[in-house]
Amino acid sequence: MKRDEFSGFFGVLVATVGSAVGLGNLWRFPYLVGQNGGAAFILIYLAFVLVICLPIMISEFIIGRRTQANTVKAFQMLAPRTPWGAVGIVGVVAAFCILAFYTVVGGWTMDYIFRSVIHVFSTPDASAIESQFAALVTSPIRPIFWTILFILLSALIVMSGIKKGIEKYSRIMMPFLFFMVVILMIRSVTLPGAEKGILFLVKPDFSKINTQVALAALGQAFFSLSLGMGCMITYGSYIPKRENLTKLAFTTAMSDTLFAILAGLAIMPAVFSFGISPQEGPGLVFIVLPRIFAQIPLGNIFAVMFYLILFIAAITSSISLLEVVTAYITEKLKMKRKTAVAIISALVAVCASFSSLSQGVLQHVKIFGKSIFDFFDYLSANILLPLGGLSIVLFVGWYIKKSTVYDEFTNQGTLKGTLFRAYYFLIRYVAPVAIAAVFVDLIVR
Ligand code: PFF
C-alpha cells in the first residue's frame with residue numbers, strides 16, 4: 001500500500017504551521033518577551049530563527065523526506081548498523097513526555113472556553129480569579145475530564161490519517177486561528193493606553209540583554225518551531241517529492257514568528273492598558289487575562305475567542321506530537337493506525353492524569369525535586385529537545401554524505417540550490433556550537 005502523504009504545498013504548510021503555532025506562541029512567548037526586555041528579545045529571537053532554527057528545520061525535512069519513514073527508522077536507514085537510531089528513540093520519548101503535560105494545559109483551555117461561555121469570569125477581582133484557577137488545576141477530577149476529552153479529540157484526528165485527518169482539520173482550523181488572533185489584536189491595540197504596550201514590543205531595550213536572555217530566546221525558538229524531537233522529520237516523511245523544502249521551512253518559520261508577534265500584540269497592549277506588569281510570568285493567560293476580559297465591553301465574547309484560539313493552537317500541536325509516536329508504532333509493530341493511536345492515547349491519558357494530579361493531591365510526589373507535571377516539562381524541553389537538536393545537526397552536517405543532503409535539498413538537482421552553501425555552513429558550524437551553548441547553560445543553571 002502506498003504511504004499516506006500531504007496533498008501539496010498548502011496542505012503541508014497548514015500542518016507544519018499547526019504544529020509550530022501552539023501554547024509556546026500564546027503563552028510562553030509573550031511572558032518571555034515581558035520578562036526579557038521587550039523588543040530587544042524579539043530581535044534576538046528573530047536572528048536565531050533565521051540563522052539556527054531555519055537550517056535545522058530544513059535538515060529535519062531532508063531526513064524525513066529522503067527516507068519516507070518514521071523518525072527512528074529514518075536514522076537507521078541513513079546510518080545502518082550504527083547507534084544513530086537512538087536519536088529517533090529519544091525523539092519518540094520526548095514527544096510522549098511533552099504530550100503528558102501539554103494535553104493537561106489543553107484540557108484547561110477547554111475548561112476556560114466552557115466557563116467563558118457560561119459567563120463565569122465576570123469579576124475583575126484578581127484574587128477571585130486566581131483562586132478559580134487554583135481550584136481548577138488542583139481539583140482531582142475536573143481537569144482530568146477535560147484532559148481526556150482533549151486527548152480523545154486529538155486521537156480522532158490522528159486516526160483518520162495524514163491527508164484525511166491531520167491535513168484536513170488543519171486546513172479548517174489554521175486560517176480561522178489567524179483570523180481570530182487578528183481580531184483580538186485589533187481589540188487590544190485600540191484600548192485606551194495601549195500605546196505603552198505597543199511601544200514595549202517595538203522599542204528595544206538592549207540593556208536587558210545578556211547571555212542568559214539570548215539563551216532563553218534560543219530555547220524558546222526551538223520549542224516554538226517544534227524542533228529537536230523528530231516532529232518535522234515525521235511530517236517531512238509525508239512531504240511530496242516535488243515540494244521545495246527550503247521554501248516550506250522558511251514559510252513555516254515566518255508564519256510561526258508572525259503568529260507569536262500577533263499574540264504579543266493581542267496580549268501586551270491590553271496588559272499595559274490595565275496597568276498590569278508585563279512580567280507576570282506563566283499565569284499571564286489564565287489569571288491576568290480573565291481580569292481584563294471582565295472589564296472590557298463584550299469581554300465575554302473576546303474571552304471565548306481567546307480560549308478557542310488557545311485550544312486550536314494546542315490541539316494542532318498535540319496531533320503532531322501524537323503522530324511522531326503513532327508513525328513509529330504503526331511502522332515498527334506493523335499495527336493498524338487506529339489500534340496504535342488508541343493504545344498510545346490510553347497511555348498518554350494515564351501519564352497526563354498523573355501530571356494533572358501532581359498539581360493537587362499528588363503535590364508531594366517529587367521526581368528529582370520537581371512535581372510530575374514540571375518533570376515532564378523540564379525533561380522534554382530542557383534536556384531531550386536540545387540533545388535531539390544537537391544530534392540532528394551533527395548527523396546532517398557531519399555524518400550523512402554531502403551529496404545526499406544536496407540531492408534532497410535541490411529535489412534531485414531540479415532546483416537551483418543557490419542557498420545550499422550558506423545552509424551547509426550554518427548546519428555544520430554555527431548551529432552545533434549555538435545549541436551546545438544552550439544545552440550547557442540549561443544544565444548548569
Ligand atoms: N511548537 C509547539 C508550541 O509552540 O507550542 C510545541 C511543540 C509541538 C513542541 C510539537 C515540539 C513538538 F514536536
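Start at 1 and go down the list; that is how both ligands and their atoms are numbered. Small disclaimer: the values here were computed from a predicted structure and weren't measured.
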Query raised in the report: Side chain of Ser188, backbone of Ala266: donor and acceptor closer than 3.5 Å?
Result: yes
Report task. Indicate the atoms forming the closest heavy-atom contact of Ala194 with Val189, along with that distance. Result -> CB-O, 3.4 Å
Do any side-chain atoms of residues 94-109 form donor-acceptor pairs under 3.5 angstrom with protein atoms, and if so which ones, sequence neighbours left out?
residue	atom	partner	partner atom	Å
Tyr102	OH	Leu23	N	2.9
Thr103	OG1	Leu99	O	2.7
Thr109	OG1	Gly106	O	2.5

Query raised in the report: Looking at residues at least two apart in the chain, or sitting in another chain, which of them share a salt bridge (Lys or Arg N to Asp or Glu O under 4.0 Å) with Glu331?
Result: Arg3
List of N/O pairs, ligand 1 versus protein, all under 3.5 Å?
residue	atom	partner	partner atom	Å
ligand 1	1 (N)	Ser19	O	3.2
ligand 1	1 (N)	Ala20	O	3.0
ligand 1	1 (N)	Phe223	O	2.9
ligand 1	1 (N)	Ser224	O	3.0
ligand 1	1 (N)	Ser226	OG	3.1
ligand 1	4 (O)	Ala20	O	3.0
ligand 1	4 (O)	Gly24	N	3.4
ligand 1	4 (O)	Asn25	OD1	3.4
ligand 1	5 (O)	Leu23	N	3.0
ligand 1	5 (O)	Gly24	N	2.8
ligand 1	5 (O)	Tyr102	OH	2.5

Query raised in the report: Is a donor on one side and an acceptor on the other found under 3.5 Å between the side chain of Ser356 and the backbone of Ala352?
Result: no
Query raised in the report: Residues in salt bridge (Lys or Arg N to Asp or Glu O under 4.0 Å) with Arg291, at least two apart?
Result: none
